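Here the structure is laid out as structure tokens; the discussion comes afterwards.
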Amino acid sequence: MEQKRRTRIVDLLKTSEIGQQTNVKGWVRTKRGNKHVNFIALNDGSCIHNLQIVVDVPNFDEELLKRITTGASVSIIGEICESTGSGQKVEIQAKEIEILGDCDVDKYPLQPKKHSLEFLREIAHLRFRTNTFGAIARVRHSMIFAVHEFFTKKGFLNIHTPIITASDAEGAGEMFKVTTLDLDNTPKTEEGQIDYSKDFFGKATNLTVSGQLEGELAALAMGEIYTFGPTFRAENSNTTRHLSEFWMIEPEMAFYNLDDNMDLAEEFLKYLIKYALDNCSDDLKFLSQRLQEEEKNKKADERSMELIEKLEFVLAHDFIRLTYSEAIDILKNSKPNKKGKFKYPITGFGSDLQSEHERFLVEKHFKKPVILTDYPKDIKAFYMKLNDDGNTVRAMDVLFPQIGEIIGGSQREDSLEKLTGRMKEMDIPEEEMWWYLDTRRFGSVEHSGFGLGFERMMLFVTGMGNIRDVIPFPRAPKTAEF
RNA sequence: UCCCCAGUAGCUCAGUUGGUUAGAGCGGCGGACUGUUAAUCCGUAGGUCGUAGGUUCAAGUCCUACCUGGGGAGCCA
């Protein structure tokens with residue numbers, strides 16, 4: 001067979017070169033027809049749509065056609081034709097068919113029918129071959145690109161922060177240990193503790209839970225920076241919103257106060273959403289239709305807004321900004337609180353906001369994304385700037401419908417004295433953080449930053465319900481198969 | 001980690017107060033149809049009822065433990 005470079009299906013479907021010969025390669029989704037003509041739906045991952053291959057059966061060997069089964073890979077040489085059927089504009093009239101890889105239908109788990117997401121999670125190595133996961137993979141790529149484009153346009157530098165860290169003081173969560181010690185025979189100190197001085201790095205090391213502290217070092221020299229890398233949390237979290245390994249975007253900006261920080265966060269989220277609408281419309285339409293079918297099984301009052309409509313709605317409206325104290329007042333006087341509908345009733349300042357409260361504010365009260373600021377210092381991290389009231393810190397959480405906290409950020413404490421004071425209160429050892437504190441010793445400036453969980457953004461943009469479906473190879477407790 | 005729900009054919013599920021030979025749809029396979037759109041129509045094969053114990057004359061069905069999956073909570077992004 002003549003080996004010409006193949007044409008991608010996404011390009012063929014846009015072509016006007018009727019009558020031209022072309023070569024396509026891909027995986028068979030379905031084959032149907034009769035003894036005279038067969039139709040192959042071929043997909044090569046370049047777009048959500050399949051290309052229809054028309055096969056005049058008498059022109060081909062019967063045994064060859066039998067091998068064209070769901071999942072088989074084929075190379076087709078044929079002529080681009082206007083389709084006489086109604087499902088597509090162009091199709092390929094096959095001249096030569098080569099089976100690249102057979103696919104035993106008795107063993108291949110993907111069938112030409114609808115599969116549940118739970119089942120596909122068990123065969124995650126093959127789920128790229130479905131419409132849904134193909135669409136998600138393409139949207140995910142577009143979102144990655146949009147992140148870099150947004151920050152590049154704004155003059156931010158991308159900084160690679162370390163994945164292995166020695167710092168365990170940040171307190172963002174349980175960490176995965178990194179070691180080359182023989183776990184069956186660990187060296188011990190005189191006190192009987194594990195002697196990490198004998199370990200690879202000469203000290204105890206972990207996988208990073210955040211690039212923020214290192215990001216601050218860069219920001220306090222480069223101005224505006226962002227990180228976009230893998231992050232690890234060893235929490236035993238079993239939810240639809242948590243992963244043990246996820247990708248986080250953390251911008252950090254010198255000379256930004258909390259208001260600047262909020263402006264940036266809102267602009268950033270809207271940029272990503274607009275990018276998806278502008279560049280992933282076919283995939284989003286497919287994901288939306290999928291969701292609409294699922295929604296049919298729900299009660300009328302539990303149905304959510306259509307996906308694209310929802311994305312456009314978020315673009316069109318300002319996020320609501322209010323302080324923690326204002327939120328507490330709203331919640332305290334809310335119907336569910338007065339009627340005792342909250343599992344955790346709101347009594348006043350200091351109450352921690354539970355998901356039920358966040359959901360009430362976002363989904364019932366404002367019906368828009370909400371940015372909550374100025375939380376009590378006791379429920380937030382040590383590095384957040386203390387307000388003049390001495391009680392609250394310049395924190396901000398961006399809350400999205402269905403997802404909850406999508407962004408957490410703050411203006412950072414730039415006073416060395418106040419920062420070390422907070423560290424003492426929270427029992428964070430100063431010695432280990434000397435390099436971080438140096439930023440406050442030498443030319444400290446007002447600065448701010450936030451962290452966006454990339455997969456949470458993916459949940460929102462794709463409308464998917466489980467975070468394990470928006471990352472190709474999910475890592476979660478008891479889950480590391482693929 | 002806690003609470004709730006589920007596990008029956010390749011997939012999605014039904015299976016009555018415990019009772020004789022385990023059911024459907026989809027998918028597969030065979031056949032029919034000269035252009036189909038996850039085609040349609042006819043036929044057909046396919047089961048260690050999650051695992052291990054227990055109760056009972058009798059267990060897919062009841063009890064216990066464990067495993068797996070899902071939903072919710074907490075932790076958070």
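These values consider heavy atoms only, across backbone and side chains, with no hydrogens, waters or symmetry-generated copies. Treat the numbers as computed from the prediction; the structure is a model and nothing was measured. Every chain is numbered from 1, with letters handed out A, B, ... down the list of sequences.
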Could one point to a donor on the side chain of A:Glu91 or the base of B:G35 with an acceptor on the other under 3.5 Å away? yes
Assign each of A:Asp106 and A:Pro109 to its nearest nucleotide of RNA chain B by heavy atoms, then name whichever residue's nucleotide is nearer the 5' end. A:Pro109
I need the minimum non-hydrogen distance between A:Thr69 and A:Val28, along with the two atoms involved. O-CB, 3.4 Å
Establish whether the base of B:U1 is bridged to the side chain of A:Asn238 by a donor-acceptor pair shorter than 3.5 Å. yes
Classify the side chain of A:Gln111 and the base of B:G10 as holding, or not holding, a donor-acceptor pair under 3.5 Å. yes
As a test of reading the structure: which of B:A73, B:A77, B:U34 is closest to the side chain of A:Arg241, going by heavy atoms? B:A73
Under-3.5 Å donor-acceptor pair between A:Arg456 side chain and B:C76 base: yes
Just the dot-bracket of RNA chain B, please: which string comes out with Watson-Crick or G-U pairs under 3.5 Å, [ ] for crossing, | for another strand? (((((((..((((.....[...)))).(((((.......))))).....(((((..]....))))))))))))....
Taking atom types as modelled and ignoring hydrogens, do the side chains of A:Thr22 and A:Thr7 form a donor-acceptor contact shorter than 3.5 angstrom? yes
Please figure out whether A:Asp352 or A:Ser83 has its closest RNA chain B nucleotide nearer the 5' end. A:Ser83
Is the base of B:C75 touched by the side chain of A:Ser237 through a donor-acceptor pair closer than 3.5 angstrom? yes
How far does the C1' atom of B:G23 sit from the matching atom of B:G15, given to the nearest Å? 7 Å
Quiz question: going by heavy-atom distance under 3.5 Å, is there a donor-acceptor pair between the base of B:C75 and the side chain of A:His242? yes
Using only heavy-atom distances, determine whether the side chains of A:Thr161 and A:Glu214 contain a donor-acceptor pair under 3.5 Å. no
Determine the Euclidean distance between corresponding P atoms of B:G47 and B:G54; express it in Å to zero decimal places. 28 Å
Could you measure between the two P atoms, the one in B:C49 and the one in B:A59, and give it in whole Å? 12 Å
Is it the case that the base of B:U36 and the side chain of A:Gln88 share a donor-acceptor contact (distance under 3.5 Å, atom types as modelled)? yes
Please say whether the positively charged group of A:Lys341, taken as NZ for Lys or CZ for Arg, lies over the ring of A:Phe360, i.e. under 6.0 angstrom from the six-membered ring centre and within 45 degrees of the axis. no
Spell out, as yes or no, whether a donor-acceptor pair under 3.5 Å connects the side chain of A:Arg138 to the backbone of A:Gly45. yes
Any stacking of A:Phe454 on B:A77, going by centres under 5.5 angstrom and planes within less than 30 degrees? no
Quiz question: going by heavy-atom distance under 3.5 Å, is there a donor-acceptor pair between the base of B:C11 and the side chain of A:His115? no
